[in-house]
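Only this structure's heavy atoms are used, side chains among them; waters, hydrogens and symmetry mates stay out. Note that ligands are numbered from 1 as they come in the structure, with each ligand's atoms numbered from 1 the same way.
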Amino acid sequence: MKKIHLILISVVAILTVPVIASAKVDLTPVSPCINCHDTVTPGIVKQWQESKHSKVGVKCYVCHKAKEDDPAGFEHNGFRVTTIVSPRYCESCHPKQVKEFRESMHDEAALFAMSAYGVVSGERVEETITLGQTKNYKTNFSRESAEAGCLDCHGTVIKVGKGGTLINWPNMGIGRLNPDGSAGSCAACHTRHTFSIAQARKPETCGQCHLGPDHPQREIYEESKHGNLYEANGEEWNWNVPPGQWGPEDIEAPTCATCHMSGFGGAVESTHNVSARLKWELEPAFSWPTDKKYWIGKEKFPIDPEIARRYEKIHNLPPGSLKAVKTGLPNPFAIAKKFAPDVYKAYVGPGKWWSRGETRLDAFGGDALRSPDEKREDMIKVCNQCHVRSWAEGDLKKADKTIDVYNAVVLAIKKKYYDPIKKERLDEDIKFNGKSEADNLWHEIWHHEGRIWRMGAFMQGQDWQHWEGSYEVVDDGSHMADWLEKLRVRKAVKERLGIK
Ligand code: HEC
Ligand code: HEC
Ligand code: HEC
Ligand code: HEC
Ligand code: HEC
Ligand code: HEC
Ligand code: HEC
Ligand code: HEC
């Protein structure tokens, strides 16, 4: 029965194969892979049968046939196959998606994870990769726990060991570094072997990684009116409409993908560059527009003077204290170059996955390099399919204003309480893993509560914006004041008592 069914599908396929860039589809009715894998891994075969690929002759060997120069290739029942079907393998048929993915921040995710705990550079694990050895993060990291945490979202460096065994595998991190010199995993969103757009468009897919105290986009979305409508009615929406044709007649409220990626209502082009519609950097300690000069930290970013003066008065700071914030961010390439020169060389340079890798700017390309206002305009075009322009602009401007308040409040905490603790070296001898409680508090202020405040404001999560965000930042501001006072008193008492 099954075989007859497959033959029928293949016949249909012959008649309906679309024209795609240098696609080498397999139109033979039988596939030796399927014959065997039908019993070896029936789940995989079933999922593939349900996929669009099965309808157009993209069979197992079309994707799994190892490229000649791929070190992950191995002999398998008379065929040379690879288990890792990297973006390079999808590229011959889907060049647009691969290019855009390369121009986004998603494919740098593994390089970034390195900043935290050093490097997973293959068979040999450096001794220094354990506790507190790297500059950027000094928390309780070990290679073993990082692999099950950070790197399942960010990606590992996959290497081919003796006898073809894959090291740091399995891994589906979004920016993982593949043995063929490419980065990323398309299946992070298009789960194999259905490779569906419907799945990728649903918030659960993004929410697998975009959740938790430091980037709770999933939780914020669930709280928003949009998320509420998705929960209530999403099952009835049309999820399979091709990009470009998908629009407000198919869904009632947007999902993560709708706002950040989709071609929606014909108003804006579909993109795999998730950085292409972001006006702001909402992750760092201070926020500033996604503009070249700020990305490389060339200029400070001003705080609205009226708001700055207001907070200078409230916190009794000299005029001009809260004028502007520092910009710039860690550069993933510099981190890799320093901590993992072998990885850097394998992926960066002419003809490599990243042709350039000198500054953080080289992580971005295409539409991500437009002006912040152009990027915002694409976001508004999505909103505008369901809302009037003034509604959408009004809502996002409201969020823009919270950035000024956030920058002012957090800069005030830093200048007034945290900087003196560091300058007077008050917390030198009360650290664990290289961090004092004051350091951890500062980290939580911007990295957790501060992001929640900012992200909540932009994605209609009011409870997150306020009670989990701005309220917690201010609460921790008073804890920081308390630390400064306590540490100064402690120092004075110790000096009086002659305690070392
Ligand atoms: C004679 C039977 C047979 C044929 C033909 C066959 N396979 Fe397999 N394949 C297997 C078995 C058995 C395994 C191992 C299953 C396990 O470990 O549970 C396997 C494993 C695999 C793996 C995973 C390897 C790993 O360890 O990561 C891939 C990928 C794969 N096959 C692809 C293919 C492709 C593509 C074809 C067609 C070109 C093919 N197979 C043909 C039997 C077969
Ligand atoms: C559109 C390309 C594509 C097609 C077609 C395809 N695969 Fe895969 N396959 C992948 C990707 C992607 C992965 C995940 C590996 C990775 O992350 O790179 C994978 C993983 C696998 C694995 C190992 C992972 C596991 O869960 O065990 C096996 C085995 C496998 N495929 C067999 C098959 C078989 C059999 C077929 C045909 C019925 C097939 N594949 C068709 C892309 C494809
Ligand atoms: C040999 C060419 C070929 C390769 C290789 C290939 N695809 Fe496809 N893919 C196609 C074709 C053809 C379609 C169907 C286009 C259509 O009908 O709209 C398709 C459709 C898709 C879709 C849309 C599915 C839907 O629900 O509408 C996704 C997603 C996709 N491919 C992802 C991938 C990924 C990821 C890889 C690599 C792991 C890959 N493809 C490899 C040819 C290919
Ligand atoms: C649940 C998935 C997940 C885990 C686990 C995770 N991250 Fe992340 N990480 C993300 C996401 C998602 C973002 C992007 C957040 C945003 O843009 O708001 C991110 C952002 C980052 C950034 C900022 C990159 C930049 O653009 O500057 C760094 C650095 C980072 N993570 C390192 C780590 C380290 C180190 C660990 C482990 C200690 C870790 N992450 C654990 C998902 C994860
Ligand atoms: C497997 C984990 C994973 C999945 C799934 C995932 N992301 Fe991400 N995403 C990340 C990580 C990690 C980062 C941080 C990357 C970095 O800074 O290098 C990130 C960053 C981002 C950013 C910020 C880009 C920037 O320039 O700052 C956006 C927006 C984003 N993702 C949207 C999405 C959307 C929308 C989806 C679902 C359609 C999604 N992501 C699915 C892990 C994931
Ligand atoms: C962050 C999640 C995410 C990742 C990673 C991702 N995709 Fe997609 N993909 C989507 C979404 C969402 C859509 C639907 C876009 C829309 O609604 O306009 C999509 C659509 C597609 C389509 C259908 C395009 C069409 O016009 O029919 C293809 C093909 C595709 N992706 C291939 C890939 C390839 C190849 C990769 C790896 C380079 C990849 N995707 C990685 C989320 C993702
Ligand atoms: C109604 C549209 C909308 C929806 C739905 C939405 N977002 Fe957002 N998202 C935004 C806007 C607007 C911003 C702020 C963009 C800017 O920088 O101007 C944002 C910011 C982000 C950022 C921050 C990037 C940075 O600077 O670090 C990430 C990551 C993100 N969204 C992921 C998601 C995920 C994951 C979901 C689903 C769980 C989601 N978004 C749902 C509109 C949306
Ligand atoms: C697919 C349609 C659709 C898109 C796209 C869309 N929205 Fe909405 N939005 C809705 C619907 C429906 C409601 C609920 C209206 C109501 O409460 O009666 C809503 C509600 C809202 C609300 C009210 C929230 C509340 O708590 O009541 C805001 C604010 C909002 N949207 C902003 C935006 C912004 C900003 C964008 C673009 C970044 C956007 N929307 C994109 C459909 C959409």
Taking the six-membered ring for Trp, are [X] and [Y] parallel (under 30°), tilted (30 to 60°) or perpendicular (over 60°)?
X      : Y      : result
Trp354 : Phe333 : perpendicular
His387 : His226 : tilted
Phe301 : Tyr294 : perpendicular
Phe74  : His76  : perpendicular

Cationic tip of Lys67 above Tyr89 ring, under 6.0 Å, 45° of axis: yes
When you measure from the centre of the six-membered ring of Trp280, is the NZ or CZ of Arg454 under 6.0 Å away and within 45° of the axis?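 The answer is no, since Arg454 fails at least one limit relative to Trp280.
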With backbone taken as N, CA, C and O and side chain as the heavy atoms from C-beta onward, which portion of [X] lies under 4.0 Å from ligand 8: side chain, backbone, both, or neither?
X      : value
Ile380 : neither
Glu252 : backbone
Pro248 : neither

Do Asn331 and Thr359 meet the criterion of a side-chain donor-acceptor pair at a distance under 3.5 Å?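 Side chains of Asn331 and Thr359: no pair found under 3.5 Å.
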Verify the distance criterion only: is there a donor paired with an acceptor across the side chains of Trp453 and Glu472 at less than 3.5 Å? no
Going by the atom numbers of ligand 1, which of them fall below 4.0 Å from some non-hydrogen atom of [X]?
X     : value
Phe79 : 38 (C)
Phe74 : 24 (C)
Pro32 : 5 (C)
Thr83 : 23 (C), 24 (C), 25 (C), 27 (O), 29 (C)
His64 : 29 (C), 35 (C)

With a cut-off of 2.8 Å, does His76 place any N/O/S atom under that distance from atom 8 (Fe) of ligand 1?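 Within the cut-off used here (under 2.8 Å), His76 does place an N, O or S atom near atom 8 (Fe) of ligand 1.
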Report whether any nitrogen, oxygen or sulfur of His226 sits less than 2.8 Å from atom 8 (Fe) of ligand 8 (N, O or S, backbone or side chain). yes
Give a yes/no answer: is there an N/O/S atom of Cys386 under 2.8 Å from atom 8 (Fe) of ligand 8? no
Is there side-chain contact between Glu231 and Asn228, with heavy atoms separated by less than 4.5 Å? no
Contacts table for ligand 6: protein N or O within a distance under 3.5 Å of ligand N or O, distances only.
unit_1: ligand 6; atom_1: 7 (N); unit_2: His190; atom_2: NE2; d: 2.8
unit_1: ligand 6; atom_1: 7 (N); unit_2: His272; atom_2: NE2; d: 2.8
unit_1: ligand 6; atom_1: 9 (N); unit_2: His190; atom_2: NE2; d: 2.7
unit_1: ligand 6; atom_1: 9 (N); unit_2: His272; atom_2: NE2; d: 2.8
unit_1: ligand 6; atom_1: 17 (O); unit_2: Arg201; atom_2: NE; d: 2.8
unit_1: ligand 6; atom_1: 17 (O); unit_2: Arg201; atom_2: NH2; d: 3.0
unit_1: ligand 6; atom_1: 17 (O); unit_2: Ser262; atom_2: OG; d: 2.8
unit_1: ligand 6; atom_1: 18 (O); unit_2: Gly263; atom_2: N; d: 3.0
unit_1: ligand 6; atom_1: 18 (O); unit_2: Ser270; atom_2: OG; d: 2.8
unit_1: ligand 6; atom_1: 31 (N); unit_2: His190; atom_2: NE2; d: 2.9
unit_1: ligand 6; atom_1: 31 (N); unit_2: His272; atom_2: NE2; d: 2.9
unit_1: ligand 6; atom_1: 40 (N); unit_2: His190; atom_2: NE2; d: 2.9
unit_1: ligand 6; atom_1: 40 (N); unit_2: His272; atom_2: NE2; d: 2.9

Per-residue contact class, His37 against ligand 1 - non-hydrogen pairs under 4.0 Å: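 His37 to ligand 1: side-chain contact only, backbone stays beyond 4.0 Å.
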Should Glu108 and Arg176 be marked as a salt bridge (Lys or Arg N to Asp or Glu O under 4.0 Å) after you check the CA-CA gap, both sets of side-chain angles, and the distance that decides it? CA-CA 8 Å; Glu108 278 80 7; Arg176 74 177 190 207; over 6 Å; no
Short N/O distance, under 3.5 Å, between Tyr61 and ligand 1?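 No, since none of the N or O atoms of Tyr61 sits under 3.5 Å from an N or O of ligand 1.
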Would you say Asn77 has any N or O atom under 3.5 Å from an N or O of ligand 1, going by distance alone?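 Between Asn77 and ligand 1, an N or O pair is found under 3.5 Å apart.
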Minimum-distance pair of heavy atoms, taken over all atoms of Lys352 and Ala346: CD-O, 3.3 Å
Residue pair Ile251 / Asn238: nearest heavy atoms and the distance that separates them: CG2-O, 4.3 Å
Polar atom proximity, Asp395 to ligand 8 (N or O, under 3.5 Å): no
Report the residue from Cys383, Cys259, Pro248, Ser262 that forms a side-chain contact (heavy atoms from CB on, under 4.5 Å) with Pro254.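 Answer to the side-chain contact (heavy atoms from CB on, under 4.5 Å) test with Pro254 among Cys383, Cys259, Pro248, Ser262: Cys259.
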